[in-house]
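Working notes, beginning with the structure itself.
Just so it is clear, the model here is predicted, and its values are computed rather than measured. Numbering of ligands and ligand atoms starts at 1, following listing order. Sequential numbering from 1 along the given sequence is applied to the chain's residues.
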Amino acid sequence: AKKEKTSARRAKQDLASCKNLLSCLECHEHAWPFLLPVNTKQFPQYKKAIKTPMDLSTIKRKLQEGSYKHKGEFASDVRLIFSNCEEFNEDYSPVGRAGHCMRQYFEQQWAQM
Ligand SMILES: Cn1cc(C(=O)NCCN2CCCC2)ccc1=O
């Protein structure tokens, strides 16, 4: 029972770490483009261009619903936000620059988890 307990404990710790890191992303100064799903009424071409939209509120819901089996799945969804952003926005546009900044911040924090 010892081995299973530690893996259950590690899973619990990983979930807490992901929730904490998500909070840090949400309150980051440059998080504003990523807090909610892109408004496809405001950006009609977004739906066609981006096959798998992702945003911080969706990741938050998935964490709360237990949708991530491993913390790596959480990281993949965060990185999807920034890949979508690079696809849809010029590097030096306000949103494009925010995406590069947020990706760098995420990877820095992720490496310490
Ligand atoms: C990720 N992403 C975001 C946008 C965007 O403009 N979000 C603005 C969101 N507004 C800020 C305050 C109210 C709503 C455009 C393209 C894109 O890829």
Side-chain angles (χ1 to χ4, degrees):
K2 191 106 175 63
K3 207 165 96 33
E4 291 70 55
K5 216 170 75 180
T6 49
S7 69
R9 195 185 306 125
R10 196 174 344 99
K12 212 165 165 53
Q13 176 51 45
D14 285 352
L15 180 62
S17 302
C18 289
K19 285 181 175 175
N20 177 54
L21 179 44
L22 181 73
S23 300
C24 295
L25 293 172
E26 286 173 322
C27 68
H28 193 287
E29 169 188 5
H30 302 299
W32 56 272
F34 313 109
L35 296 173
L36 295 172
V38 174
N39 185 330
T40 49
K41 291 180 189 56
Q42 190 184 353
F43 301 95
Q45 68 277 40
Y46 195 84
K47 215 165 169 57
K48 184 89 178 68
I50 300 301
K51 294 307 164 204
T52 316
M54 188 48 64
D55 71 283
L56 295 172
S57 73
T58 300
I59 291 174
K60 188 173 201 166
R61 178 180 53 73
K62 288 177 78 170
L63 273 171
Q64 282 160 346
E65 291 170 353
S67 302
Y68 299 121
K69 201 167 174 325
H70 299 295
K71 63 180 183 180
E73 295 169 15
F74 162 81
S76 296
D77 266 358
V78 175
R79 290 172 178 138
L80 177 58
I81 294 176
F82 305 134
S83 307
N84 289 344
C85 183
E86 284 208 43
E87 207 174 318
F88 194 73
N89 302 277
E90 296 292 329
D91 283 337
Y92 293 98
S93 65
V95 172
R97 278 183 290 120
H100 291 304
C101 177
M102 289 299 291
R103 178 201 292 278
Q104 189 179 15
Y105 175 74
F106 169 74
E107 294 301 347
Q108 225 168 43
Q109 300 303 313
W110 180 253
Q112 291 165 39
M113 256 178 56

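Under the 4.0 angstrom criterion, atom 13 (C) of ligand 1 counts as lacking any protein heavy-atom contact.
Considering each of W32, F43, F82, the one bringing a non-hydrogen atom nearest atom 11 (C) of ligand 1 is W32. Among N84, V38, I81, L36, the residue whose heavy atom sits closest to atom 2 (N) of ligand 1 is V38.
Of the protein's non-hydrogen atoms, V95 CG2, 4.0 Å is the one closest to atom 4 (C) of ligand 1. Closest to atom 1 (C) of ligand 1, if we only count protein heavy atoms, is P33 O, 3.4 Å.
Here the options are I59, D14, L15, the test is side chain to side chain contact (heavy atoms under 4.5 Å, CB included), and the partner is Y68; only I59 passes.
By the 4.0 Å N-to-carboxylate-O rule, E73 lies too far from K62 to be salt-bridged with it. Here R97 does not pair with D91 in a salt bridge; the nearest charged N to carboxylate O distance is not below 4.0 Å.
Residue Y105 is grouped with residue L35 when hydrophobic side chains (ILVMFWY) are merged at heavy-atom distances under 4.5 angstrom, including chains of intermediate members. Under the 4.5 Å side-chain contact rule for hydrophobic residues, I50 and F82 do not share a cluster.
Under 4.0 angstrom from ligand 1, the non-hydrogen atoms of N89 all belong to its side chain.
In this structure, E65 places its CD atom where more than 12 heavy-atom neighbours from other residues, nucleotides or ligands lie under 6.0 Å away.
Near Y46, the atoms of ligand 1 lying under 4.0 angstrom from a non-hydrogen atom of the residue are 18 (O).
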